[in-house]
Amino acid sequence: MNKILRYNQLFQLIVANLKEVVREPGVLFWGIVFPILMSLGLGIAFTRKADSVMKVVIIENNKLPDSSSKLKTFINSSTKKTDNNLFSRKVVVAEQKLGNTIFLFRVTNWQDAMVLLKKGITNIVIEEKNNNIEYHFDPMNPDAQLNYIKLSKILNNKKIIENKNNDNIKGLTVSGTRYIDFLIPGLIAMGIMMSCSWGISYSIIERRTKKLLRRMVATPMKKSHFLISLITVRTAMNLVESLVLFLFSYLVFNVTIQGSIPALFLVFFTGNIAFAGISVFISSRTSNTEIGNGLINAVVMPMMVLSGIFFSYHNFPDWSISFIQNLPLTMMADDIRNIFSQTTNYSEIIYHSFILTVTGITFFAAGLKLFKWY
Amino acid sequence: MINEESVVEVKNVFKSFKTVKAVNGANLQIKNGKFIAILGPNGAGKTTLVEIIEGIQKPDKGEVFILGKKWKGNENELHRFIGLSLQDTYFIDKLRVWETLMLFASFYDIGKKRIDEIIELMGLEEKRKSYVVNLSGGQRQKLSLGIALLNNPKILILDEPTTGLDPNARREIWSILLKLKEKSQTSLILTTHYMDEAEKLCDYIIIMNNGNVIKEGATTQLLNEDHGDKLMEFTFENFIDDIDSSDLPLSLNWDVANQKGFVKLNKVENDLTVFMNFIKEKGFKLKTLECRRKTLDDIFITLTGKHLNE
Ligand SMILES: Nc1ncnc2c1ncn2[C@@H]1O[C@H](COP(=O)(O)OP(=O)(O)OP(=O)(O)O)[C@@H](O)[C@H]1O
Ligand SMILES: [Mg+2]
């Protein structure tokens with residue numbers, strides 16, 4: 001048995017391809033280290049909220065006597081001095097769950113206020129008129145709106161309430177609902193797409209360019225074995241890369257898989273079939289690595305942008321959503337995400353897996369038909 | 001219709017690329033155990049012709065029979081009888097020499113013993129565990145030849161196996177091929193720019209230029225035909241346009257571009273005196289004069305006006 005296997009061409013092809021892949025140091029970096037760094041960077045950037053700083057400009061009103069000016073009283077009694085000479089006063093509102101908000105104030109004239117607005121240094125200007133506080137800001141700017149809401153809250157209270165523990169805010173830090181939970185399944189799906197298209201397409205094109213392809217088919221090697229071995233090695237590498245990324249996110253961010261593991265494998269394998277087929281198709285004819293590069297990017301880039309890997313595709317216009325949802329990368333990313341967070345819809349997963357398989361086989365067959373071995 | 005003797009038969013093969021006629025009506029027959037050379041300068045159509053024989057390229061017109069069979073429908077069977085090396089192939093960079101041989105051996109269901117034999121035959125023992133990417137050009141050519149020999153092919157087709165090698169490496173490859181000729185019934189088709197290679201290794205030579213076969217024949221016959229096998233080559237001190245040799249009883253060629261003349265010799269002792277008298281009479285000043293055996297390059301120059309290596 002062992003001997004039969006040793007001299008079997010499919011086995012030898014798989015071994016050779018696998019050795020080639022693992023001996024390439026770039027593989028380790030792009031396949032394993034890079035996705036981890038990406039998840040680490042994005043995960044940290046979007047999960048730990050830093051103090052938010054709000055810069056507010058107050059228009060000086062010399063006509064009002066100090067004692068009757070609400071704003072002057074506020075500045076003098078409630079704010080502290082800062083080292084900043086542009087915004088010289090500050091108030092810190094400490095909130096445990098939302099993070100601290102630091103208000104910085106500058107008292108100045110309109111002319112100066114306009115400059116600061118135009119430079120984008122501030123987005124809200126307040127002025128006292130007829131015993132009323134007027135807020136000037138762009139109502140279309142959500143940051144300015146938030147500033148207004150928070151600011152009016154402290155200006156209407158005579159005293160600044162240090163809200164130590166706002167019980168009415170329930171932080172959604174339950175695992176499965178955080179940004180990192182959204183991100184990791186997307187990164188896994190993207191990794192499969194990238195690694196198939198670069199791994200499979202590129203090695204086919206490169207071997208064609210180097211005339212290795214024609215040398216190999218001038219032997220009794222079965223053409224299908226050649227392609228199957230490439231796909232097998234890629235799938236195995238993808239499995240390792242996905243597992244490492246998951247393990248990392250489990251250890252660092254406590255990302256868990258709450259849904260069905262067999263369903264996850266189904267999505268993983270059918271996704272691999274889809275992208276392997278597409279990759280064989282992309283690389284079926286060209287022997288120019290630059291054209292190959294272009295073709296791969298033309299397929300991979302739009303999906304990376306559209307398929308909601310980093311941010312939800314629901315921000316795209318409504319008419320495009322159903323198109324986006326039918327892209328193979330979207331199907332895979334959505335399904336993996338759903339399985340991770342156990343909002344699994346089995347009939348959808350089975351339907352998607354079927355579509356992915358058909359996509360893969362169709363492209364593979366078309367690619368094989370067009371394939372230029374010489 | 002299996003011709004018992006011809007292992008390869010090429011009948012009236014044509015192949016063009018856009019405006020280039022790469023192969024323009026080639027015919028050849030190779031008998032079992034014979035070595036033939038296809039000799040020609042760059043762009044002569046050698047690679048195109050051998051790739052048509054190998055089944056890699058399809059001819060526009062004409063037929064190729066390998067062991068009496070056409071390629072179409074018999075690929076799997078015929079590939080088992082053929083060993084080949086392409087003009088500059090690269091293998092998998094990060095695969096070791098023995099692993100590369102192992103991979104190709106698996107295509108032929110060949111075991112480990114043959115791999116060791118090939119490594120020894122090619123003198124690659126020291127490089128057995130090197131990555132292919134780290135081999136020198138010559139070592140890579142040897143590996144390529146080793147792979148071609150793995151399956152003890154009945155027909156071996158080598159496209160410029162010694163181009164770019166140093167004289168030592170060339171001689172090593174020659175001796176491997178000569179040993180093969182002695183010990184086995186393998187037939188060889190070899191393309192080359194080097195006439196000495198063709199002369200040394202092959203029984204039959206086909207000279208190609210611009211897609212055409214301009215001369216062919218058994219090696220010994222090619223070298224001895226016409227006016228004997230010796231020749232005199234000379235140059236003059238000053239520029240000469242033309243030489244009127246009507247009163248010289250020898251055949252003289254003057255190559256204006258290279259400012260070189262050739263005289264075919266039958267009997268050196270007689271012809272030399274005749275020639276020297278002729279020069280004296282005409283008042284030419286000789287710069288160099290050389291008598292030597294005629295080579296294929298001379299044949300090529302007479303046929304095309306240029307050198308093989310140009
Ligand atoms: N795929 C191709 N497309 C276009 N032209 C080609 C192609 N292959 C060969 N040619 C042309 O056909 C002619 C013969 O080429 P070929 O490679 O057979 O020459 P060769 O004798 O092997 O030359 P060399 O000694 O340089 O290897 C050349 O003019 C070449 O430019
Ligand atoms: Mg060539």
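To find a chain, count down the sequence lines: A is the first, B the second, and so on, and within it residues start at 1.
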| said: Just so I know, are the side chains of B:Leu95 and A:Lys19 near enough to count as touching, which here means a heavy-atom distance under 4.5 Å? | reply: yes
| Would you say A:Glu24 and B:Asp93 make side-chain contact, with heavy atoms under 4.5 Å? | no
Look up atom [atom1] in [X] and atom [atom2] in [Y], then write down how far apart they are to the nearest 0.5 Å.
| X | Y | atom1 | atom2 | result |
| --- | --- | --- | --- | --- |
| A:Gln9 | B:Ser106 | CD | OG | 6.0 Å |
| B:Phe107 | A:His225 | CZ | NE2 | 10.5 Å |
| B:Lys58 | A:Tyr374 | NZ | OH | 5.5 Å |

| request: Go through B:Gln57, B:Arg96, B:Glu54 and name the one with the most non-hydrogen pairs under 4.5 angstrom from chain A. | output: B:Arg96
What are the residues of [range], in order of number, with any heavy atom under 4.5 angstrom from a heavy atom of chain B?
| range | value |
| --- | --- |
| residues 211-223 of chain A | A:Lys211, A:Leu212, A:Arg214, A:Arg215, A:Met216, A:Val217, A:Ala218, A:Thr219, A:Pro220, A:Met221 |
| residues 184-194 of chain A | none |
| residues 274-289 of chain A | none |

Against chain A, label [X] side chain, backbone, both or neither, depending on which of its atoms sit under 4.5 Å from a heavy atom there.
| X | result |
| --- | --- |
| B:Ile147 | both |
| B:Glu75 | neither |
| B:Asp88 | both |

Are there more than 12 heavy atoms of other residues, nucleotides or ligands under 6.0 Å from atom [atom1] of [X]?
| X | atom1 | value |
| --- | --- | --- |
| B:Lys34 | NZ | no |
| A:Phe371 | CZ | yes |
| A:Phe265 | CZ | no |
| B:Lys181 | NZ | yes |
| A:Phe34 | CZ | no |

| query | Could you walk me through whether A:Arg23 and B:Glu99 pass the salt bridge (charged side-chain N to carboxylate O under 4.0 Å, His left out) check? | reply | CA-CA 13 Å; A:Arg23 284 171 184 171; B:Glu99 290 167 341; 2.8 Å; yes
Report all side-chain donor-acceptor pairs from residues 353-370 of chain A shorter than 3.5 Å, counting only partners two or more places apart or in another chain.
{"unit_1": "A:Ser353", "atom_1": "OG", "unit_2": "A:Ile349", "atom_2": "O", "d": "2.8"}
{"unit_1": "A:Thr357", "atom_1": "OG1", "unit_2": "A:Ser353", "atom_2": "O", "d": "2.6"}
{"unit_1": "A:Thr359", "atom_1": "OG1", "unit_2": "A:Ile355", "atom_2": "O", "d": "2.6"}
{"unit_1": "A:Thr362", "atom_1": "OG1", "unit_2": "A:Val358", "atom_2": "O", "d": "2.6"}

